[in-house]
S.K.: 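Structure incoming, see below.
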Number of protein chains: 2
Amino acid sequence: MQTLSTEDYLKAIYHASQSASGTVATTSIANKIGAKPSSVTDMFKKLSDQKLVKYEKYQGVSLTSEGVKTALRIVRKHRLWESFLVSHLNFNWDEVHQVAEQLEHIQSEKLTNELERFLDYPTHDPHGDPIPNRALFMKSYNKILLTELPLNKEGVCVGVKDNSSDFLRYLDRRQIGIGTPILVLHREDFDQSLHIQAGNSTLMITQKTAENIYIKP
Amino acid sequence: MQTLSTEDYLKAIYHASQSASGTVATTSIANKIGAKPSSVTDMFKKLSDQKLVKYEKYQGVSLTSEGVKTALRIVRKHRLWESFLVSHLNFNWDEVHQVAEQLEHIQSEKLTNELERFLDYPTHDPHGDPIPNRALFMKSYNKILLTELPLNKEGVCVGVKDNSSDFLRYLDRRQIGIGTPILVLHREDFDQSLHIQAGNSTLMITQKTAENIYIKP
DNA sequence: TATCAAATTTAGATTAGCCTAAAAAATATT
DNA sequence: AATATTTTTTAGGCTAATCTAAATTTGATA
Ligand SMILES: [Mn+2]
Ligand SMILES: [Mn+2]
Ligand SMILES: [Mn+2]
Ligand SMILES: [Mn+2]
């Protein structure tokens, strides 16, 4: 049985090892968790004692298969709760993360599985991230960044890379959301900004915005 | 902002002061919480520093009005979650307490209020206990114990005093639940056992059972 | 390759929440 | 009223999770 804190560490390590390959560095977890590197080192040792991570001094950590399972169980709960908050409790997609950060630690398999059934087995959360099923398996469609979508090729927004409130509310104002059809009309060579058609409206977005939007071509 | 532990203490003190009047003793909280009296003393001091209880050495504690409010906020969440688990997630009334014990600590006013709306403003939880509304006000109907119901007077089961799984499952087997109409056919002078009509069936129950069932006459 | 800067770990401390054992106060019993 | 019992508090300790400051190691740079 994990504590709330160890669960957050495992999840952070899991996410970090998704983006960067190889081992995960102390500092990167310190930044994610909001703790000092020395605290992270302490926790790495504890997780290593519990055989949830492989840890070698000065060499970072990687999750063991048991560690991955534990992390995925948290991710599963996090994303199911986020889905519930949006679909039934009138939360906007930029408000759910903080609450799900707490709900993900509730320990009851029955609760998780019944919630999944109640939501009718959703495969993706409100941000387009895949939800691990009961067997902790998740399949995400192959998606590209909007920066990589060729000119005049139809695509659909299926996710976001940046989950910050600021970015999500910005997309709300631009009327871009999961499911919005996107077409790149023009790519400006000078600054890589894009003229796109999003749904019905035509608008300009910066490169920074484009590289935080996932597209299914 | 309270910790999980202080919230559980405040709730325990609140419940204890409902039954017994006056101040609440160290030992009674120790038993409810499952901690040693010395730990309870420590916590009483902390709560007193935060002005959530009035505490005098050797004299027990009583909640301040701020303490009552905090306790009621937890009770509100606890009972709303219990209601949700039973009404939408296929939990039986004997399974909800443990999970609600965790869910009651989730901090999000919006979550609580939206949950209440989603459940359509329930007034009572699955055990018949009243749910404080947003203003922390709750009204319970006047109810009596089944032991006090006069012979041949129609009553309805509106709650239980003992919330243990054992008792609740026993009632399930006897087909007694919230809303079941009850009629006392005979009271045995020897041991105060009752012959009752519960719904369609006639059955015998002990005094101990009867004094854990609330009836609206 | 020697040196320096950055990353990481160690050492030592703090806080919350718990414990046991012993002391003190309150209450019950002779 | 004196004594015995029960309740409560104090004293001192432990663990998890954090911190700061001081080593130590790594790896980049000259
Ligand atoms: Mn979390
Ligand atoms: Mn998400
Ligand atoms: Mn609780
Ligand atoms: Mn209840």
Side-chain angles (χ1 to χ4, degrees), chain A residues 1-13 16-17 19-63 67 70-71 74 101-102 104-105 107, chain B residues 1-14 16-17 19-63 67 70-71 74 101-102 104-107:
Chain A
M1 201 92 304
Q2 305 310 317
T3 68
L4 188 145
S5 194
T6 59
E7 291 188 340
D8 280 339
Y9 272 89
L10 288 171
K11 195 171 52 125
I13 296 167
S17 51
S19 29
S21 54
T23 65
V24 173
T26 306
T27 327
S28 78
I29 297 303
N31 292 332
K32 268 197 221 274
I33 295 276
K36 300 291 163 184
S38 54
S39 309
V40 175
T41 300
D42 280 357
M43 185 59 88
F44 280 1
K45 287 180 193 162
K46 282 177 208 161
L47 293 174
S48 180
D49 290 345
Q50 299 179 253
K51 309 256 190 260
L52 293 164
V53 303
K54 194 165 142 299
Y55 169 56
E56 280 185 284
K57 262 195 204 178
Y58 294 102
Q59 302 306 309
V61 288
S62 57
L63 292 173
T70 308
I74 310 300
E101 201 55 49
Q102 300 172 57
E104 71 191 355
H105 303 289
Q107 313 222 265
Chain B
M1 199 92 308
Q2 306 311 318
T3 67
L4 187 144
S5 194
T6 60
E7 291 187 341
D8 280 339
Y9 272 88
L10 289 171
K11 195 171 52 123
I13 297 168
Y14 173 80
S17 50
S19 30
S21 54
T23 64
V24 173
T26 307
T27 328
S28 79
I29 297 304
N31 292 332
K32 268 196 221 276
I33 295 277
K36 299 292 161 182
S38 53
S39 308
V40 175
T41 300
D42 280 358
M43 185 57 90
F44 280 1
K45 288 180 193 161
K46 282 178 207 159
L47 293 174
S48 180
D49 290 346
Q50 297 179 254
K51 308 255 189 262
L52 293 165
V53 303
K54 192 165 142 299
Y55 170 56
E56 280 184 284
K57 261 196 205 174
Y58 293 101
Q59 302 305 308
V61 288
S62 57
L63 291 173
T70 309
I74 311 301
E101 201 56 50
Q102 300 172 58
E104 70 191 357
H105 303 289
I106 303 292
Q107 313 221 266

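Per chain, numbering begins at 1; letters A, B, ... match sequence-line order. Every heavy atom of this structure was used, including side-chain atoms; hydrogens, water molecules and symmetry mates were not.
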S.K.: Got a sec: does the CD of Q107(A) have more than 12 other heavy atoms crowding it under 6.0 Å?
M.R.: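 Yes, because the 6.0 Å sphere around CD of Q107(A) holds more than 12 heavy atoms from other groups.
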S.K.: For M43(B) and dA16(C), what is the distance between atoms CE and C1' respectively, to the nearest whole Å?
M.R.: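 My rounded result for the distance is 8 Å.
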S.K.: Using 0.5 Å steps for rounding, measure from the CG atom of L10(A) to the CE atom of M43(A).
M.R.: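 With rounding to 0.5 Å, CG (L10(A)) is 8.5 Å from CE (M43(A)).
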S.K.: For the atom pair OH (Y55(A)) and OG1 (T41(A)), what is the distance rounded to the nearest 0.5 Å?
M.R.: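 Result: 5.0 Å between the selected atoms.
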S.K.: Mind checking salt bridge (charged side-chain N to carboxylate O under 4.0 Å, His left out) for K11(B) and listing every partner two or more places apart, or none if nothing turns up?
M.R.: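 Once residues adjacent in sequence are excluded, the partners of K11(B) under the salt bridge (charged side-chain N to carboxylate O under 4.0 Å, His left out) criterion are E101(B), E104(B).
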S.K.: Check whether more than 12 heavy atoms from other residues, nucleotides or ligands sit under 6.0 Å from atom NZ of K32(B), and answer yes or no.
M.R.: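 Result for NZ/K32(B): enclosed.
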S.K.: Main chain of Q59(B), side chain of T23(B): is a donor-acceptor contact present, judged purely on distance under 3.5 Å?
M.R.: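 It does hold such a pair.
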S.K.: Counting only side-chain N and O atoms of T3(B), is one of them less than 4.0 Å from OP1 or OP2 of dG17(C)?
M.R.: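 Yes, because at least one side-chain N or O of T3(B) sits under 4.0 Å from OP1 or OP2 of dG17(C).
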S.K.: In whole Å, I'd like the distance from the CD1 atom of I29(B) to the P atom of dT7(D).
M.R.: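 Interatomic distance, CD1 of I29(B) to P of dT7(D): 15 Å.
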S.K.: Base, sugar-phosphate, or nothing for S5(B), non-hydrogen atoms under 4.0 angstrom?
M.R.: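 The answer is sugar-phosphate, as S5(B) gets under 4.0 Å only of primed atoms, P, OP1 or OP2.
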S.K.: Look at the side chain of T41(B) and decide which nucleotide, out of dT10(C), dT9(D), dC19(D), has an atom nearest to it.
M.R.: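 Between dT10(C), dT9(D), dC19(D), the one nearest the side chain of T41(B) would be dT9(D).
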S.K.: F44(A) CZ to dT18(D) C1': how many Å, rounded?
M.R.: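 From F44(A) CZ to dT18(D) C1': 15 Å.
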S.K.: With no hydrogens and no angle check, is any side-chain donor or acceptor of S17(B) less than 3.5 Å from a backbone partner on I13(B)?
M.R.: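 Yes, S17(B) side chain to I13(B) backbone: donor-acceptor pair under 3.5 Å.
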S.K.: Figure out the CG/P separation between D42(B) and dG12(D), and round it to whole Å.
M.R.: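 Atom CG in D42(B) sits about 14 Å away from atom P in dG12(D).
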S.K.: So do the side chains of V40(B) and I33(B) get within less than 4.5 Å of each other, counting heavy atoms only?
M.R.: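 A side-chain contact is absent here, since even the closest heavy-atom pair is not under 4.5 Å.
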S.K.: Once Watson-Crick and G-U wobble pairs under 3.5 Å are found, how is DNA chain D written in dot-bracket notation, 5' to 3', with | for any base paired to another strand?
M.R.: ||||||||||||||||||||||||||||||
S.K.: dT20(C) base to S38(B) side chain: any donor-acceptor pair below 3.5 Å?
M.R.: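 Counting by modelled atom types and ignoring angles, a donor-acceptor contact under 3.5 Å is found here.
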S.K.: Check every strand shown and say whether Y9(A) touches a base, only sugar-phosphate, or nothing at a heavy-atom separation below 4.0 Å.
M.R.: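 Counting heavy atoms under 4.0 Å across all strands, the contact made by Y9(A) is with sugar-phosphate only.
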S.K.: Could you give the CG-to-P distance, from D49(A) to dA16(D), as a whole number of Å?
M.R.: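 That distance rounds to 10 Å.
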S.K.: What are the residues of residues 50-60 of chain B, sorted by number, that bring a heavy atom to within less than 4.0 Å of DNA chain D?
M.R.: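 Residues of residues 50-60 of chain B under 4.0 Å from DNA chain D: Y55(B), K57(B), Y58(B).
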S.K.: Could you give the CG-to-C1' distance, from N31(A) to dA6(C), as a whole number of Å?
M.R.: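 Rounded to whole Å, this separation is 14 Å.
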S.K.: Among L52(B), V61(B), V53(B), L47(B), exactly one meets side-chain contact (heavy atoms from CB on, under 4.5 Å) together with Y9(B). Which residue is that?
M.R.: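 Answer to the side-chain contact (heavy atoms from CB on, under 4.5 Å) test with Y9(B) among L52(B), V61(B), V53(B), L47(B): L47(B).
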S.K.: How long is the line joining CG of D8(A) and P of dA17(D), in whole Å?
M.R.: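 Between P of dA17(D) and CG of D8(A): 11 Å.
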S.K.: Provide, to the nearest angstrom, the distance between the CG atom belonging to L4(A) and the P atom belonging to dG17(C).
M.R.: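 Taking atom P of dG17(C) as the reference, CG of L4(A) is at 14 Å.
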S.K.: Using OP1 and OP2 only, check whether a side-chain N or O of K46(A) sits under 4.0 Å from dT15(D).
M.R.: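 Indeed not, no polar side-chain atom of K46(A) lies that close.
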S.K.: Within the 4.0 Å heavy-atom criterion, would you say T26(A) contacts the bases, only the backbone, or no part of the nucleic acid?
M.R.: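 Answer is sugar-phosphate: T26(A) comes under 4.0 Å of backbone atoms only.
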S.K.: Does dC18(C) have its OP1 or OP2 closer than 4.0 Å to a side-chain nitrogen or oxygen of S39(B)?
M.R.: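 No, outside the criterion.
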S.K.: Show your reasoning for whether side-chain contact (heavy atoms from CB on, under 4.5 Å) applies to T6(A) and K46(A).
M.R.: CA-CA 9 Å; T6(A) 59; K46(A) 282 177 208 161; 5.8 Å; no
